[in-house]
Asks: 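Take this structure, written in structure tokens, and hold onto it; I'll ask about it next.
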Amino acid sequence: MFDNWAPTRYERMLYEGGGSEEQRALLAGISRAIRMSHATRDARDMEVAGTATGLVAPLVFFYTWWMIRSAMASGIRRIYFMARDGQIFMRAAQVLVRSWNLDIEVCYLYCSRESLLLPSFERMEDFELNWITWGYLSTITAAEISRRLGLTPEELRPFLEAGGLNRYASHPGRPIAREDMPVLQGVLREETLADAVRAKARPLFDLTIAYLDQEGLCDGMPFALADTGWRGSSQYAVSALMHKGKIRPAGGISGYYVGLNCDVHQYGNDMLQAFLFDWRHTPRDYRLYYFICFEMLFSADHGRTLGYRQERNVIVPILGNAPDDVIRNLVGIHHDYVEEYVRRASGAMGFDSFDEALADVARRLSRSFICSPSKWEAAIYGDWPIASEIGEGDFQSMAPPMGLGQFVRCALGKERVRGFWPQASLIRNSQGLACRAYNLFLDLGALDWYRRFLLRY
């Protein structure tokens, strides 16, 4: 029987975390109070409530609090939360601004890599080659590359043939072999191809820069971007767009993120800061490596931004399909509990009482969810649809049930699962011992070496 009265592991971590005893008791108590106020006899509902109040809400609160403090200390007057992950942070920030009467604007920017990258294109350099050719598990195809370039496969075909890549020209759905990638990159660097891409990008650029202008990015007020993070490609694209339009701030653009990977894209004198981890400056913590878990926990209730269009005198975003009813319900629970948590916490604590130890508490909470999900968490969140590609054409469950045999085949590269959360997959099939063994492997710090030299991607 599910014990509603017992503290969850997240509540215990909040109470045992850093900071003063009063703050720790308050943070844990708020999580428990909200969870108990929504108590039911349904174990599934209580598990979602426990995860939302004990994990999602504190993570969002800690990050948003840190980010607003950091931004205001740097003279930032406006924060743009970037769609879609930024939606839940924006809702938290709106509560904080009201509760603490802060002198800073909170805005929401409808955007995505898809809506920003191609319009920002000027020439084929390293950044452009990266987003054009990157594919999860090395599965990029000529068809996907042409789509990212704004070209049809037929328009890309003569360039591929001129480079001797005939088998991809005639079969654009075939994944590009690793050994052919240097040749492909040489083809993509051809100036005649860049001319073709610039022609396709020009009308997209005009609409995108008009949208940024409409939303106030060009009015001279110091602003920052905020998002989950990882590589900072969206901020890079915004900087490139504003440079292309000759309106980029001379002091660069500031960005605040949940976490940053070691291979961050930084445009010129831009600034990027991270709350949970910044692996440019510290060793990687592989127990936090599965970024898709954060993207799931911070999901929005609308589809991705495909681009922009003009309706009369207004530029509006073109949105893809919204999540289905099951996911929208979970997203709604996360968002509602976050707002309630932030409202209660900010009402009991002052803006200046932030403790740097909260970042370590957030890391412990995150590791627990990613590496040791409960059976219910693995089942509920493991069915969450996740896509690894920019165009989201490869949705699958992020943690399908997986037995030990299938896990070994994946580990040896005999079978590939995209967008994979291995710990939850193992827990769903009652492979707790294998899950613990995998986490110990992560602690060795050899995951990148293993992927590069064994799996060869």
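Starting from 1, each residue takes its place in the sequence as its number. Computed from a predicted model, the values in this text were never measured in an experiment.
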Asks: Is the shortest side-chain N to carboxylate O distance from E295 to R84 below 4.0 Å?
Replies: no
Asks: Please lay out, stage by stage, how T53 and V338 fare under the test side chain to side chain contact (heavy atoms under 4.5 Å, CB included).
Replies: CA-CA 7 Å; T53 59; V338 162; over 6 Å; no
Asks: Checking N429 side chain against P401 main chain: does a donor-acceptor pair fall under 3.5 Å?
Replies: no
Asks: Within the supplied structure, the quantity of interest is the number of heavy atoms (other residues, nucleotides, ligands) at a distance under 6.0 Å from Q214 CD; does it exceed 12?
Replies: yes
Asks: For residues I333 and A52, report the shortest heavy-atom separation together with the two atoms involved.
Replies: CG2-CB, 4.2 Å
Asks: What I'd like to find out is whether the side chain of L297 reaches to under 4.5 Å of the side chain of F369, using heavy atoms alone.
Replies: yes
Asks: Strictly under 6.0 Å, is that where the ring centroids of W65 and F275 end up?
Replies: no
Asks: Would a line drawn from the ring center of F89 to the ring center of Y63 be shorter than 6.0 Å?
Replies: yes
Asks: Holding to ring pair (Phe, Tyr, Trp, His ring centres under 6.0 Å), I want the full list of residues that pass it with H335, two or more places apart in sequence or in another chain.
Replies: none
Asks: Is there a donor-acceptor contact under 3.5 Å from the side chain of R24 to the main chain of Y15?
Replies: yes
Asks: Any idea how Y290 and Y438 line up, ring-wise: parallel (<30°), tilted (30 to 60°), or perpendicular (>60°)?
Replies: tilted
Asks: Before we go on, tell me: are the rings of Y236 and Y267 under 6.0 Å apart, centre to centre?
Replies: yes
Asks: To the nearest 0.5 Å, what is the distance between CG on L26 and CD on E21?
Replies: 12.0 Å
Asks: Nearest 0.5 angstrom please: M398 CE to M296 CE, how far?
Replies: 4.0 Å
Asks: Please find the pair of heavy atoms, one from Q235 and one from G255, that lie closest to each other, and give the distance.
Replies: OE1-CA, 3.2 Å
Asks: Determine yes or no for a side-chain-to-main-chain donor-acceptor pair under 3.5 angstrom, with W100 supplying the side chain and S346 the backbone.
Replies: yes
Asks: Any side-chain heavy atom of N130 within less than 4.5 Å of one from D263?
Replies: no
Asks: Please give me the minimum heavy-atom distance between F62 and A362, naming the atom from each residue.
Replies: CD1-CB, 4.2 Å
Asks: Is the shortest side-chain heavy-atom distance between S299 and I327 below 4.5 Å?
Replies: no
Asks: So, the side chain of S425 versus the backbone of P400: is there a donor-acceptor pair under 3.5 Å, distance only?
Replies: yes
Asks: Please report whether the ring centroid of F298 lies less than 6.0 Å from that of H334.
Replies: no
Asks: Answer yes or no: is there a side-chain heavy-atom contact under 4.5 Å between E340 and H38?
Replies: yes
Asks: Taking the side chain as every heavy atom from C-beta outward, state whether I427 and Q431 have any pair of such atoms under 4.5 Å apart.
Replies: no
Asks: When you measure from the side chain of E128 to the backbone of E125, do you find a donor-acceptor pair of N or O atoms at a distance under 3.5 Å?
Replies: yes
Asks: Salt bridge (charged side-chain N to carboxylate O under 4.0 Å, His left out) for R343 and E339? Distances and angles first, verdict last.
Replies: CA-CA 6 Å; R343 178 177 53 78; E339 281 201 20; over 6 Å; no
Asks: Between the side chains of E144 and R148, is the shortest nitrogen-to-carboxylate-oxygen separation below 4.0 Å, so that they form an ion pair?
Replies: yes
Asks: Starting at CZ of R409, measure out to CD of Q406 and round the result to the nearest 0.5 Å.
Replies: 5.5 Å
Asks: Donor-acceptor pair, distance only, cut-off 3.5 Å: does the side chain of Q87 make one with the backbone of D301?
Replies: yes
Asks: Can you tell me how far apart CG (L118) and OG1 (T208) are? Round to the nearest 0.5 Å.
Replies: 8.5 Å
Asks: Answer yes or no: is there an ion pair linking R91 with D336, defined by an N-O contact shorter than 4.0 Å?
Replies: yes
Asks: Are the side chain of S368 and the backbone of R364 linked by a donor-acceptor contact shorter than 3.5 Å?
Replies: no
Asks: Go through the steps for S239 and R248 under the test side-chain hydrogen bond (donor to acceptor under 3.5 Å, both in side chains), then give the verdict.
Replies: CA-CA 6 Å; S239 259; R248 180 174 175 271; 3.2 Å; yes
Asks: Between the side chain of D383 and the main-chain N/O of S397, is any donor-acceptor distance below 3.5 Å?
Replies: no
Asks: Using the salt bridge (charged side-chain N to carboxylate O under 4.0 Å, His left out) rule, collect all pairs that involve residues 50-69, keeping only residues at least two apart or in two chains.
Replies: none
Asks: Taking the ring of F291 and the ring of Y289, is the distance between their centroids below 6.0 Å?
Replies: yes
Asks: Mind checking whether M181 and I176 have side chains closer than 4.5 Å, heavy atoms only?
Replies: yes
Asks: Can we call the ring centroids of W230 and F294 under 6.0 Å apart?
Replies: yes
Asks: Can you confirm whether R280 is buried at CZ, in the sense that more than 12 heavy atoms of other residues, nucleotides or ligands lie under 6.0 Å from that atom?
Replies: yes
Asks: What are the two closest heavy atoms between P373 and A424, and how far apart are they?
Replies: CG-CA, 3.9 Å
Asks: First locate atom CG of D85, then atom OG of S112, and finally report the distance between them rounded to the nearest 0.5 Å.
Replies: 11.5 Å
Asks: Are R77 and I104 close enough that some pair of their side-chain heavy atoms sits under 4.5 Å apart?
Replies: no
Asks: Can a donor-acceptor pair be found, under 3.5 Å and without considering hydrogens, that links the side chain of R363 to the backbone of L276?
Replies: yes
Asks: Decide, yes or no, whether a salt bridge links D324 with R328 under the criterion of side-chain N to carboxylate O below 4.0 Å.
Replies: no
Asks: Report the residue from R367, R436, R287 that forms a salt bridge (charged side-chain N to carboxylate O under 4.0 Å, His left out) with D443.
Replies: R287
Asks: Step by step, work out the side-chain hydrogen bond (donor to acceptor under 3.5 Å, both in side chains) result for S115 and Y308.
Replies: CA-CA 8 Å; S115 74; Y308 308 94; 3.2 Å; yes
Asks: If you measure only the distance, is there a donor-acceptor pair under 3.5 Å linking the side chains of Q23 and D355?
Replies: no
Asks: Salt bridge check: are E47 and R44 linked by an N-O gap of less than 4.0 Å?
Replies: no
Asks: Any ion pair linking R9 and E377 (charged N to carboxylate O, less than 4.0 Å)?
Replies: yes
Asks: Got a second to check how far M242's CE is from S120's OG, nearest 0.5 Å?
Replies: 13.0 Å
Asks: Evaluate the criterion side-chain hydrogen bond (donor to acceptor under 3.5 Å, both in side chains) for residue pair Y80 and R78; output intermediate values, then yes/no.
Replies: CA-CA 7 Å; Y80 290 95; R78 182 187 294 147; 3.1 Å; yes
Asks: Fit a plane to each ring of Y110 and H302, take the angle between them on a 0 to 90° scale, and name the class: parallel (under 30°), tilted (30 to 60°) or perpendicular (over 60°).
Replies: tilted
Asks: Looking only at atom types and distance, does a side-chain atom of W421 sit under 3.5 Å from a main-chain N or O of I292, one as donor and one as acceptor?
Replies: no
Asks: Determine whether D278 and Q273 satisfy the following criterion, side-chain hydrogen bond (donor to acceptor under 3.5 Å, both in side chains), listing intermediate values before the conclusion.
Replies: CA-CA 8 Å; D278 187 343; Q273 294 187 51; over 6 Å; no
Asks: Is there side-chain contact between T305 and E114, with at least one heavy-atom pair below 4.5 Å?
Replies: no
